Amino acid sequence: SFALGAKSLSRYEFRYRLVEAHDLQVSHDPFTFVPNPKYPQELQPRDRTRAADQAQVITFAAKLNTEALLTEFHSIDRGAPIIGKDLITESGNGRVMAIQRAITEHPEEYRKYLDALKEAVPKFAIPLTYLAKFKQPVLVRERLTKVDRATFGKEANLGTSLGTSPVETAVMDASLLRLQD
């Protein structure tokens with residue numbers, strides 16, 4: 001599959017795959033919002049300690065929007081989360097955190113996600129029989145295009161529906177300007 005960048009219109013190549021929810025590395029703990037020491041924090045331009053960011057994850061977990069998670073948008077800022085080969089979430093930390101949280105706190109919402117996933121996997125060239133091998137599967141896009149991961153993460157966060165703080169926006173814009181020089 002492919003997706004276009006949020007601002008640069010760069011084209012990125014991906015492959016869809018299923019992974020266990022607990023294997024995905026996210027920037028912050030989905031319950032406490034404490035930074036994950038295993039996650040390279042330079043890949044997360046968002047301040048997940050902000051109340052608005054936390055509320056977004058909590059709300060999304062309580063009512064998982066399967067359409068938003070399983071639709072091919074050809075965009076890096078929405079759809080199935082994007083990961084590197086090392087299972088580090090590069091775009092969609094909030095989405096992954098919401099899924100991880102829903103598994104524990106809202107199992108009925110995760111069950112709806114699983115039901116929708118069963119319907120969706122054939123569209124992504126994943127055999128339905130493969131899905132049965134997972135306990136808590138999540139559909140992700142594994143990035144195949146070589147990128148500077150920190151820059152990619154910043155670009156992916158430019159088009160998010162949750163507004164960035166003025167400081168976050170300034171940092172991301174300055175980073176992108178340096179790349180264009």
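Note that this is a predicted model, so its numbers are computed, not measured.
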Task: Residue list, side-chain contact (heavy atoms from CB on, under 4.5 Å) with Lys118, at least two apart or on another chain - done: Arg111, Asp115, Leu128, Leu131
Open item on the list: Counting only heavy atoms from other residues, nucleotides and ligands, does the tally under 6.0 Å from CD of Glu67 exceed 12?
Closed with: no
- [ ] Would you please classify the geometry between the Phe134 ring and the Tyr130 ring as parallel, tilted or perpendicular, with 30° and 60° separating the classes?
- [x] perpendicular
- [ ] Report the C-alpha separation of Thr89 and Gln25 in whole Å, then their side-chain angles, then the decisive distance to 0.1 Å, and conclude whether the side-chain hydrogen bond (donor to acceptor under 3.5 Å, both in side chains) test is met.
- [x] CA-CA 6 Å; Thr89 306; Gln25 291 297 317; over 6 Å; no
Open item on the list: Taking CD in Glu119 as the centre, count heavy atoms belonging to other residues, nucleotides or ligands within less than 6.0 Å. Is the count above 12?
Closed with: no
- [ ] Please report the closest heavy-atom contact between Gln41 and Pro35, naming both atoms and the distance.
- [x] NE2-CB, 4.0 Å
Task: Sequence-distant partners of Pro37, side-chain contact (heavy atoms from CB on, under 4.5 Å), two or more places apart - done: none
Open item on the list: I'd like to check the salt bridge (Lys or Arg N to Asp or Glu O under 4.0 Å) partners of Glu105; sequence neighbours left out, ordered by chain and number.
Closed with: Arg101
Open item on the list: For Leu70, run the side-chain contact (heavy atoms from CB on, under 4.5 Å) check against Asn65, Val121, Leu139 and tell me which one passes.
Closed with: Leu139
Task: Shortest non-hydrogen contact from Met97 toward Pro30 - done: O-CB, 3.4 Å
- [ ] Measure across Ala150 and Glu42 and return the closest heavy-atom pair with its distance rounded to 0.1 Å.
- [x] CB-O, 3.6 Å
Task: Nearest atoms (heavy-atom pairs only) where Ser27 meets Asn93 - done: N-OD1, 2.7 Å
TODO: Verify whether one side chain among Gln100 and Tyr110 offers a donor that lies under 3.5 Å from an acceptor in the other.
DONE: no
Task: Heavy-atom pair with the smallest gap, counting every atom of Ser91 and Asp77 - done: OG-CA, 4.3 Å
- [ ] Taking the side chain as every heavy atom from C-beta outward, state whether Asn36 and His28 have any pair of such atoms under 4.5 Å apart.
- [x] no
- [ ] Determine the sole option in Leu117, Val138, Val140 for which the side-chain contact (heavy atoms from CB on, under 4.5 Å) test with Leu18 is passed.
- [x] Leu117
TODO: Determine the minimum heavy-atom distance between Gln136 and Ile103, stating which atoms define it.
DONE: NE2-CG2, 3.0 Å
Task: Non-hydrogen side-chain atoms of Arg48 and Val26 separated by less than 4.5 Å - done: no
Open item on the list: Which residues pass the salt bridge (Lys or Arg N to Asp or Glu O under 4.0 Å) test with Glu142, not counting sequence neighbours?
Closed with: Arg15, Arg17, Lys85
TODO: Using the test salt bridge (Lys or Arg N to Asp or Glu O under 4.0 Å), find all partners of Arg78 that sit at least two apart in sequence or belong to another chain.
DONE: none
Open item on the list: If you define the side chain from C-beta out and look only at heavy atoms, does anything of Thr145 sit under 4.5 Å from Phe2?
Closed with: no
Open item on the list: Parallel, tilted or perpendicular: which one describes the rings of Phe124 and Tyr16, with boundaries at 30° and 60°?
Closed with: tilted
Task: Residue list, salt bridge (Lys or Arg N to Asp or Glu O under 4.0 Å) with Glu13, at least two apart or on another chain - done: Arg11
TODO: Could you tell me whether the side chain of Glu20 reaches within less than 4.5 Å of the side chain of Lys135, counting heavy atoms only?
DONE: yes
TODO: Begin with the C-alpha distance, continue with both residues' side-chain angles, and end with the deciding distance and a verdict on salt bridge (Lys or Arg N to Asp or Glu O under 4.0 Å) for Arg143 and Glu90.
DONE: CA-CA 9 Å; Arg143 182 188 41 75; Glu90 298 176 347; 2.6 Å; yes
